[in-house]
Novice: 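Before we start, here is the structure in question, set down as structure tokens.
One is the number of the first residue; the rest follow in order along the sequence.
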Amino acid sequence: MTSMFDQYEQASQRSKQVYAPPIRPDISTAGFIQMKFQDDGPIFIKQKVNFLPSDKIVQLVVNNNIIVIAMANNILLRIDMKHPDAPEEIDISKYAVNMKISGMFLDPLGNHLLIALIPKFAHLENIPPELFYLHRKTTKLKQASKFKGHQITAVGWNFSNTSETMTGPILIGTSRGLIFETEIGLDGDKIFNTSLEQYWRQLPNYLPLYGTKEVEGLVFDIGKNSKPPITGLEFHKIPNSDKYVIVVTTLMRIYQYIGAVPNSEEKPLLQQVFNKYLNVQETFIEVISQLPYSKMQFYYPAVGALPKSFGWLTETGILYAQIDPKVNSNNILMNQQMLNCPETSLMGSNISQTTTAPLSFVLTEFHALLLYSDRVKGVSLLNQELIFEDIYNDAVGSLIYITKDYVTRSIWAYSERAVFKYRVNKEDRNVWQVYVDKGEFELAKQYCRDNPAHVDHVLVKQAEMLFKNKEYEKSALTYADTHSSFEEISLKFLQEWQIEALKTFLKKKLEGLKMQDKTQITMIVVWVIELFMNQMGVLRSNNKSYLHDSQYLELQKQFDSFLAIPKVEECIKRNRSTIYDLMASHGDKDNLIRLTIMHCNYEEVIRQHLYKNNHLEALEVLKSQNNKELFYQFAGILLQELPRPAVTALISQGSMLQPSKLLPALVSCNSDEKHAKEIIRYLEFCVYKQSCQEQAIHNFLLSLYARYKQDEVMRYISSQGQDINMVHYDVYYALRLCQEVKLTEACVQLSALLGLWTTAVDLALTISVDLAKQIAAMPSDHDDELRKKLWLKIAEHVVREKDDIQQAMEFLKDCDRVKIEDILPFFSDFVTIDHFKEAICKSLQEYNQNIQDLKNEMQEATKAAELVRKDIQEFRTRCTFIHAKDTCNTCDVQLLLRPFYVFPCGHRFHSDCLVAALTPMLSMDQRTKLADLQRQLTALSNRSEDTTSVGSVSLSTKDQIKADIDELIASECLYCGELMIESIGKPFIEEEDYERVMKEWA
């Protein structure tokens, strides 16, 4: 149960609650519901530590959950917050005789503690200050004798060190402005034997502190002559470089030392940085302050990282800066500003006093916690506004100090009689709003924590500022990302007549719409097109040569890009008539045509051109589109009006067009020679270039040839060849067509193609005998009777019609089918034999030669017959010897055991082995016949009859059956015959047996 004291403590904490601005009414439908089920609580939540000190607390240090508390009775209390129930008490009374603790310094990992002691009273000036060291694993202090006589006021720990036994190089600052470098740690495994002064170096350029003794381990002297006490000291190594940065503060000054350390093994390490500042004029940042104290603080975004920000407490306030070591080699404190501390009324000893200077402070990412004697205040680093105040009562005594754990980031404050812990609670909750108020909108978006309502508020504020600064284009883009009223924003740009910004706003809004938001998309698309039409219409009316105007061309380019957006294309397809009417109302014919082309609505464009008799423009549009159906649709009228350009356009399409679909348009335009010649040009392209084989095209071309280019008919027919199965035109139609226009030579060729040889020769004879001879030579060589008949017809024509005996004799020389005796009946009775003497003699000589050839052939046949008879006689007397040890070539069993066959090649088989091996190679008919013969032979063998004439008949039948079986199986050797050669391609396993064999093998 919470005590009354704790309740009072909680009530004394006042945290300014900064709520998000209310959701604007115009975006209430966007889905933003501002609900808060519980209070986030104060940004800094205090928790009192359950600790009752035995005496007044004078010092407290904390790091890495290790807390060391020094009390006025010279007792040190060391507590590990991971085990808070086991504190360690360390009595330092014997080390602090007549002395008091002036400062305690704990390294970031909580392993090493330095305790600075000074005389307790002013009159004890003869007692020099001292420095003691305490390791985390021991309770015994070690004196640093080398530092005797130096009051240690600041320690710069090595933040790169990870060792538990050694501190690594550290810097120690004194009350006289001196800086020493040393290294502290355990000596071997003996935790009670520490060696503080690991390395020292003599620097003779400095004045001695006591007598003539030189100062050992000194690396630098701040202020040189003024000797100001050092109140803050830190150094850091810049990652991925050999540079170090050292920051030192006094009561009124900030010093920065930046330099490279090329040799990391040289001791003292940081002397290499200080060396370049030894003989140069000092540079520093100075703030006049009357405070007897000051404090330097850093904010670390993470353990091991470089500090992000810097704060320095002075009488004027806190000097706050961002740290960036990359910007300037001489100054890492960027964007410096003085944060004024809020005034505080302090009540004590019945005297009211007002002060602004806190006793101490710590930095968080966005706030500074200021410690006064009776309260703790939280101030925003962004706008210096007081956001938190925690008032303490007298029961805990006066607050002394506030510090921060480097590792855990917990904040600790202590008074004379109590210790308190502060936990940071969502301190960035209102940062976005602060950045909005400062106009830093990009930073504000980063800290909205993905809250859509907050992001929308930031965007609205940003858009309003851009609009106010007349950056209308940027404002439009930003407004489009908000949930502000569409109508309100549109009217804002219209009132300022910012059409470009309005278009930008509308197009950006369009991008955010989904495809199913068809109504909104349609409204925006129509509005944007209307705006473009108005702008381009004004330019067209003001400038007749607008097509060369850069402003118009840029506007046209933007319009084309807008039309190419997929959502816009889809919208225009759905509302095609509306968009076309809109463009037509503005008289923008160019864009209307461009739009129809973009959306492949070429039919409407071509119709518009044809309606206005702009046939050439219609043809250009037809050529520019890819819908081939429109060629078939509009080819007729374009061929009629522009025959040559239209045919050229058709030819340019090549094989993309089907000539058969163009045939109606072509047929309708062949009324005169001008159009017919162009159509012939296209048909010739189809036939000769595209190898078109459609009969209708060939017939149409042939008909045009017959009417307008008769000299091309024969060339065309010849190009098609003389094979009626290979020609692509209708031969009967072509013959009838040529007959109508009296193209006799073409009729001859076509008749011959149809096999009407007699008609072809008769027609050829009306032209020339040579043509008739060509036709007579065409029939196949196997049809001798036909060819002789045709040649006789030509011979009869030559003899009877021309009555030219000399030409008839020459005709006999050209034709080997017709002899002199064949044409004699054609001559008149009054022709004397003298005219045929030479031809008759030649014919007789040929007959004589033929008779002699027949005699020679008969003699050769007789000789061949004699040789055959001789071979047969020799074969009859030929024999083969069978030995008792001979075996069957199939079964390797002795051959003489069963009936067998022996072949001239030497192979030997049992009759049953031969049948078994040969049967699979026979055809189905042969197998059936063999089985039938074997059945008949078995039946005859089993019949028991007497040896009579009937028996003789049976015996002769049995012999015949055996002969038939021998004809089937013994006509050739199994291994040497044609059956073996034919079986090479057969598989070893038949398809029907494949599965069975595979199963057996498996």
Side-chain angles (χ1 to χ4, degrees), residues 663 667 670 676 680 683-684 686-688 691-804 807-808 810-819 822-823 825-826:
L663 199 57
V667 171
N670 63 347
I680 290 173
L683 294 177
E684 288 178 340
C686 296
V687 170
Y688 297 117
S691 301
C692 176
Q693 299 181 3
E694 296 181 31
Q695 190 179 73
I697 298 299
H698 286 264
N699 290 343
F700 187 37
L701 176 61
L702 190 58
S703 67
L704 293 178
Y705 276 154
R707 291 171 57 187
Y708 300 104
K709 286 188 174 183
Q710 295 183 354
D711 54 338
E712 293 290 331
V713 174
M714 280 305 300
R715 184 179 71 85
Y716 170 78
I717 293 176
S718 300
S719 67
Q720 291 292 303
Q722 290 298 317
D723 187 349
I724 192 170
N725 296 318
M726 298 300 294
V727 298
H728 300 108
Y729 57 90
D730 187 342
V731 183
Y732 294 99
Y733 170 77
L735 180 59
R736 185 171 63 254
L737 193 65
C738 293
Q739 288 175 346
E740 291 177 358
V741 295
K742 296 182 172 50
L743 295 175
T744 306
E745 185 176 359
C747 292
V748 171
Q749 297 292 339
L750 294 172
S751 298
L753 191 59
L754 290 171
L756 305 175
W757 300 108
T758 302
T759 304
V761 170
D762 290 339
L763 289 174
L765 290 174
T766 61
I767 301 174
S768 69
V769 175
D770 292 335
L771 179 59
K773 290 180 181 179
Q774 294 177 8
I775 299 301
M778 288 183 179
S780 173
D781 293 338
H782 301 289
D783 199 350
D784 291 339
E785 291 296 328
L786 176 61
R787 297 186 68 177
K788 184 174 182 179
K789 177 181 178 182
L790 298 177
W791 281 105
L792 285 175
K793 184 176 284 292
I794 299 172
E796 181 180 4
H797 173 77
V798 171
V799 174
R800 289 184 176 177
E801 298 295 332
K802 296 188 176 183
D803 197 19
D804 188 345
Q807 187 176 1
E810 292 177 359
F811 176 77
L812 290 177
K813 295 179 181 179
D814 296 337
C815 180
D816 56 350
R817 305 286 181 186
V818 179
K819 306 299 181 182
D822 295 326
I823 65 172
F826 301 145

Novice: Output all residues satisfying side chain to side chain contact (heavy atoms under 4.5 Å, CB included) with Ala752, sequence neighbours left out; order by chain, then residue number.
Specialist: Trp757, Ala760, Ile775, Met778

Novice: How far does CD1 of Ile697 sit from CG of Leu663, to the nearest 0.5 angstrom?
Specialist: 4.5 Å

Novice: Output the distance between atom SG (Cys692) and atom CD (Glu684), rounded to the nearest 0.5 Å.
Specialist: 13.5 Å

Novice: Got a donor-acceptor contact below 3.5 angstrom from the Asn699 side chain to the Ala734 backbone?
Specialist: no

Novice: Roughly how far, to the nearest 0.5 Å, is NE2 of His698 from CG of Asp730?
Specialist: 12.5 Å

Novice: Between Leu737 and Val741, is there a side-chain heavy-atom distance shorter than 4.5 Å?
Specialist: no

Novice: For Tyr729, check ring-ring contact (aromatic ring centres under 6.0 Å, His included) against everything at least two apart and list the hits.
Specialist: Tyr716

Novice: Report the distance from atom CD1 of Ile680 to atom CG of Leu701, rounding to the nearest 0.5 Å.
Specialist: 7.0 Å

Novice: Between Val727 and Ile724, what is the shortest heavy-atom contact and its length?
Specialist: CG2-O, 3.4 Å

Novice: Would you mind listing every salt bridge (Lys or Arg N to Asp or Glu O under 4.0 Å) that reaches into residues 697-714, with sequence neighbours excluded?
Specialist: Glu712-Arg715

Novice: Does any donor atom in the side chain of His728 or Gln720 lie under 3.5 Å from an acceptor atom in the other side chain?
Specialist: yes

Novice: Going from OG1 on Thr744 to CD on Gln739, what distance comes out if it is rounded to the nearest 0.5 angstrom?
Specialist: 9.5 Å

Novice: Atom CG of Leu756 and atom CG of Leu735: how far apart are they, to the nearest 0.5 Å?
Specialist: 7.5 Å

